[in-house]
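The next block holds one structure in the form of structure tokens; read it before the comments.
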There are 2 protein chains.
Amino acid sequence: MKVRDVAEATGCSIGSVYNEFGDFDGLILTVNRETVQALTARLKAVPAGDPLRQLHGLAEAYLGFATEHANLLRSLFEHRMEDDRPFPEDILAMVMDAFALMHAPLVRLLPDRDPDDVALLSRMMFSAVHGIISLGLEERMVAVPPEKLRERLAQFVDTHLAGLGITRDV
Amino acid sequence: MKVRDVAEATGCSIGSVYNEFGDFDGLILTVNRETVQALTARLKAVPAGDPLRQLHGLAEAYLGFATEHANLLRSLFEHRMEDDRPFPEDILAMVMDAFALMHAPLVRLLPDRDPDDVALLSRMMFSAVHGIISLGLEERMVAVPPEKLRERLAQFVDTHLAGLGITRDV
DNA sequence: GCTTGAAAATGAACATTGTTCAAGAAGAAT
DNA sequence: ATTCTTCTTGAACAATGTTCATTTTCAAGC
């Protein structure tokens with residue numbers, strides 16, 4: 001993304017882009033805000049009935065979003081601020097909210113565990129899924145063949161939940 | 001990293017940097033080759049005695065390397081080639097080799113499973129660990145508090161192995 | 001309708017950084 | 001010493017983020 005391209009695409013001048021977004025970081029961050037909102041909306045659309053099914057739905061929704069918007073997700077997770085400025089709190093909070101969507105179903109599946117512990121477990125699981133998907137979707141250094149990614153991801157979730165003592169057949 | 005900085009640091013001219021590395025990508029890729037070699041060396045240094053202990057050692061070694069060389073790892077995994085040129089095969093192969101180091105201990109722990117299946121499992125596990133570490137080490141969007149990362153990572157490995165039917169107490 | 005002052009828009013000019021290449025320096029061969 | 005090859009240099013160029021004096025817009029007041 002280039003400032004001049006944005007200016008041309010919106011039919012205004014370069015200066016106007018700067019009036020609107022401040023600087024290049026501001027432009028990127030605006031896009032990233034929309035990205036995390038769209039991702040959150042998609043994750044929230046996963047039905048909340050069966051918690052196990054919900055967790056699989058969340059992982060699949062994340063995979064779907066990552067497949068369709070690989071560049072946007074990369075921008076969200078890989079963009080560095082200029083001059084070591086701090087990352088905006090509001091985006092951080094929004095990402096945390098998205099992460100937290102995994103928390104509820106996990107709590108239902110692990111009613112006896114310390115909620116703080118479950119919170120950490122859900123973040124670990126989210127991070128793991130994120131790693132599998134982001135590496136898996138890179139054409140290069142294919143960790144897992146993309147066409148198999150969907151079923152492998154489901155297998156991973158099942159395996160990890162089994163490790164937590166949760167079995168599908170209860 | 002800037003071409004002019006490299007030129008000044010090595011005491012030669014800008015043109016000489018281009019004679020040596022071709023272009024900016026070539027410069028980055030040279031660094032990335034050293035990075036993956038250093039990472040592989042570190043992973044290979046993990047003793048191979050007990051396969052379960054080895055897996056934990058690999059995860060911990062990865063965490064250690066990522067902690068000490070966060071920028072190098074980011075360059076390795078996040079750098080995009082200019083003009084959509086293909087990613088160099090040799091680096092891809094080296095990364096795959098590093099990934100494969102998880103394969104051997106997993107095969108020993110899962111002697112009855114199809115080796116191809118275990119190969120995929122090990123890649124999934126590597127990707128998951130990569131995701132946990134790379135998100136965990138970002139100051140921003142802290143998925144898991146860095147100071148707890150080490151023990152949480154070990155817990156994750158244990159949980160996942162448990163899900164694969166492997167228990168510590170055999 | 002004209003004046004005026006604030007607000008917004010503009011794009012030329014600047015700074016940084018990757019890239020090229022003609023000119024020069026260094027060295028080897030005869 | 002001459003010539004040829006190879007390497008080195010850094011000025012100049014291209015792309016792109018950034019600034020800011022100037023211009024335009026427009027609403028308020030008369």
Side-chain angles (χ1 to χ4, degrees), chain A residues 1-39 69-92 94-95 134 138-141, chain B residues 1-39 69-92 94-95 134 138-141:
Chain A
M1 185 154 63
K2 308 184 223 303
V3 175
R4 280 165 179 76
D5 290 350
V6 173
E8 189 172 0
T10 59
C12 68
S13 68
I14 295 175
S16 293
V17 176
Y18 275 82
N19 288 339
E20 183 69 23
F21 299 105
D23 59 3
F24 192 66
D25 269 348
L27 182 56
I28 298 287
L29 292 175
T30 299
V31 173
N32 287 356
R33 276 190 194 87
E34 289 183 19
T35 298
V36 67
Q37 279 167 354
L39 172 61
H69 310 290
N71 291 337
L72 293 179
L73 261 199
R74 267 205 295 274
S75 169
L76 176 59
F77 284 106
E78 297 179 5
H79 174 69
R80 311 271 128 199
M81 303 288 286
E82 296 283 310
D83 197 26
D84 285 337
R85 270 176 290 189
F87 197 78
E89 292 290 334
D90 65 324
I91 295 185
L92 206 145
M94 287 192 283
V95 174
S134 59
E138 303 270 345
E139 316 279 310
R140 66 191 200 179
M141 55 183 79
Chain B
M1 184 155 62
K2 308 185 223 303
V3 174
R4 279 165 178 76
D5 291 351
V6 173
E8 189 172 0
T10 59
C12 69
S13 68
I14 295 174
S16 293
V17 176
Y18 276 82
N19 287 340
E20 184 69 23
F21 300 106
D23 58 4
F24 192 66
D25 269 348
L27 182 56
I28 299 287
L29 292 176
T30 299
V31 173
N32 288 356
R33 275 189 194 89
E34 288 184 19
T35 299
V36 66
Q37 279 167 355
L39 172 61
H69 310 291
N71 291 338
L72 293 179
L73 261 199
R74 268 204 294 274
S75 170
L76 176 60
F77 284 107
E78 297 180 5
H79 174 69
R80 314 269 127 201
M81 303 287 288
E82 296 283 311
D83 197 25
D84 284 338
R85 270 175 290 187
F87 198 78
E89 292 290 334
D90 65 324
I91 294 186
L92 205 145
M94 286 192 283
V95 173
S134 59
E138 303 270 346
E139 315 279 309
R140 67 191 198 179
M141 56 184 78

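Keep in mind the model is a prediction, meaning the values are calculated, not measured. Naming: A, B, ... by sequence-line order, numbering from 1 per chain. What you see below is based on every heavy atom in this structure, not just the backbone, and it leaves out hydrogens, waters and symmetry mates.
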Legend entry - Reading 5' to 3' through nucleotides 14-19 of chain D, protein heavy-atom contacts under 4.0 Å coded B for base, S for sugar-phosphate only, - for none: --BBBB
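- Rounded to a whole Å, the CZ atom of B/Phe21 is 13 Å from the P atom of C/dG18.
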Inset, instruction - Please test A/Ile28 against A/Ser75 for side-chain contact (heavy atoms from CB on, under 4.5 Å), starting from the C-alpha separation and ending with a verdict. - result: CA-CA 8 Å; A/Ile28 298 287; A/Ser75 169; 3.7 Å; yes
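- When the P atom of C/dA26 is taken as reference, atom CG of B/Asn19 falls 16 Å away, rounded to whole Å.
- Rounded to whole angstrom, the span from the CD atom of B/Glu20 across to the P atom of D/dT9 amounts to 12 Å.
- Remark: side-chain polar atoms of B/Thr30 are paired, donor with acceptor, to backbone N or O of B/Gly26 under 3.5 angstrom.
- For the pair A/Thr35 (side chain) and A/Val31 (backbone), a donor-acceptor distance under 3.5 Å is present.
- When all heavy atoms are compared, the tightest approach of B/His79 to B/Asn32 is CB-ND2, 4.2 Å.
- Under a cut-off of 6.0 angstrom, the local environment of CD in A/Glu8 is sparse, with at most 12 non-hydrogen atoms contributed by other residues, nucleotides or ligands.
- Heavy atoms only, all atoms of each residue included: B/Met81 and B/Arg85 are closest at CB-O, 3.3 Å.
- Checking the phosphate oxygens (OP1, OP2) of D/dT9, a side-chain nitrogen or oxygen of B/Ser16 falls inside 4.0 Å.
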